[in-house]
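Keep in mind it's a predicted model, so treat the numbers as computed, not measured.
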Amino acid sequence: MKKVMITLMAAALMSTSAIAQEEKQGTRPEKKFDKTEMVKHRTDETVKRYSLNDQQAKQLLDLNNKYADKMGPRGGRHHHHGGPEGRPGRPPKDDAKAKGERPEPPKDGQRGERRKQMEETMKAYNAELQKIMTPEQYKAYQADRKKHHKHHDKG
């Protein structure tokens with residue numbers, strides 16, 4: 001029994017080491033970002049979480065497709081899941097950074113303007129979502145959004 005356990009542990013250690021080596025060398029296959037897949041996944045998650053019916057699910061899919069380009073992954077927050085260099089969890093390299101130059105910081109007005117646009121987009125999305133969901137479903141959605149914001153504001 002000890003030999004079996006030791007063999008299993010050694011196999012697990014070697015496979016973990018091999019995966020880490022592949023990531024370090026960049027030989028792992030690149031994960032492609034597929035907007036359609038992302039929208040469908042997001043819609044399916046919401047349908048399941050808030051018990052939406054078939055008609056609501058179709059309307060939500062249409063809504064999510066409408067806002068996909070405006071909001072990006074997960075409601076405007078950009079999560080990096082692989083990039084052009086195929087490095088999961090890291091943003092794509094900026095050409096200026098690659099050359100050792102510092103990119104120009106956004107102007108004060110640009111930062112505020114971008115935030116304002118995102119907030120307006122979310123308001124419009126939520127207004128349309130409220131028409132799709134029942135009052136109970138929308139209330140649960142809003143509660144989850146508040147929890148999500150509290151969690152991210154701490155970090």
State, without any angle test, whether E128 and Y67 hold a side-chain donor-acceptor pair at a distance under 3.5 Å.
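Result is yes, a qualifying pair exists.
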
Going by distance alone, is a donor N or O of one side chain under 3.5 Å from an acceptor N or O of the other, for H41 and E45?
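E45 and H41 do have a side-chain donor-acceptor pair below 3.5 Å.
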
Go through the structure and list residues passing side chain to side chain donor-acceptor pair (under 3.5 Å) with N65, not counting sequence neighbours.
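Listed in chain order: nothing, the list is empty.
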
Got a salt bridge between K58 and D54, using NZ or NE/NH1/NH2 to carboxylate O under 4.0 Å?
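The answer is no: the pair does not qualify as a salt bridge.
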
Answer yes or no: is there a side-chain heavy-atom contact under 4.5 Å between K35 and D69?
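In short, these two side chains touch, coming nearer than 4.5 Å.
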
I want to check something: taking the side chain as every heavy atom from C-beta on, are Q59 and D62 in contact at a cut-off of under 4.5 Å?
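No; the side chains remain at least 4.5 Å from each other.
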
Do Q56 side-chain atoms and V47 backbone N/O form a donor-acceptor pair below 3.5 Å?
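Absent.
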
Establish, for the pair R42 and Y125, whether the NZ or CZ atom is under 6.0 angstrom from the six-membered ring centre and no further than 45 degrees off its axis.
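Checked: cation-pi criterion met.
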
For Y50 and Q137, which heavy atoms make the closest approach, and how far apart are they?
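For Y50 versus Q137, the nearest heavy atoms are O-NE2, 3.0 Å.
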
Heavy atoms only: give me the nearest A68-V39 pair and the separation to one decimal.
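Shortest heavy-atom contact: CB-CG2, 3.6 Å.
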
Could you measure the distance from the [atom1] atom of [X] to the [atom2] atom of [Y]? Nearest 0.5 Å is fine.
X	Y	atom1	atom2	result
R49	Y141	CZ	OH	11.0 Å
T134	E136	OG1	CD	4.5 Å
L52	I132	CG	CD1	8.5 Å
D44	E37	CG	CD	11.0 Å

Let me have the donor-acceptor pairs involving side chains of residues 115-124, under 3.5 Å, with sequence neighbours excluded, atom names and distances please.
{"unit_1": "T121", "atom_1": "OG1", "unit_2": "Q117", "atom_2": "O", "d": "2.9"}

Would you say L63 ends up clustered with L61 if hydrophobic residues are merged whenever their side chains have heavy atoms under 4.5 Å apart, either directly or through other cluster members?
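In one cluster with L61: L63, no.
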
Which residues pass the salt bridge (Lys or Arg N to Asp or Glu O under 4.0 Å) test with K139, not counting sequence neighbours?
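None.
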
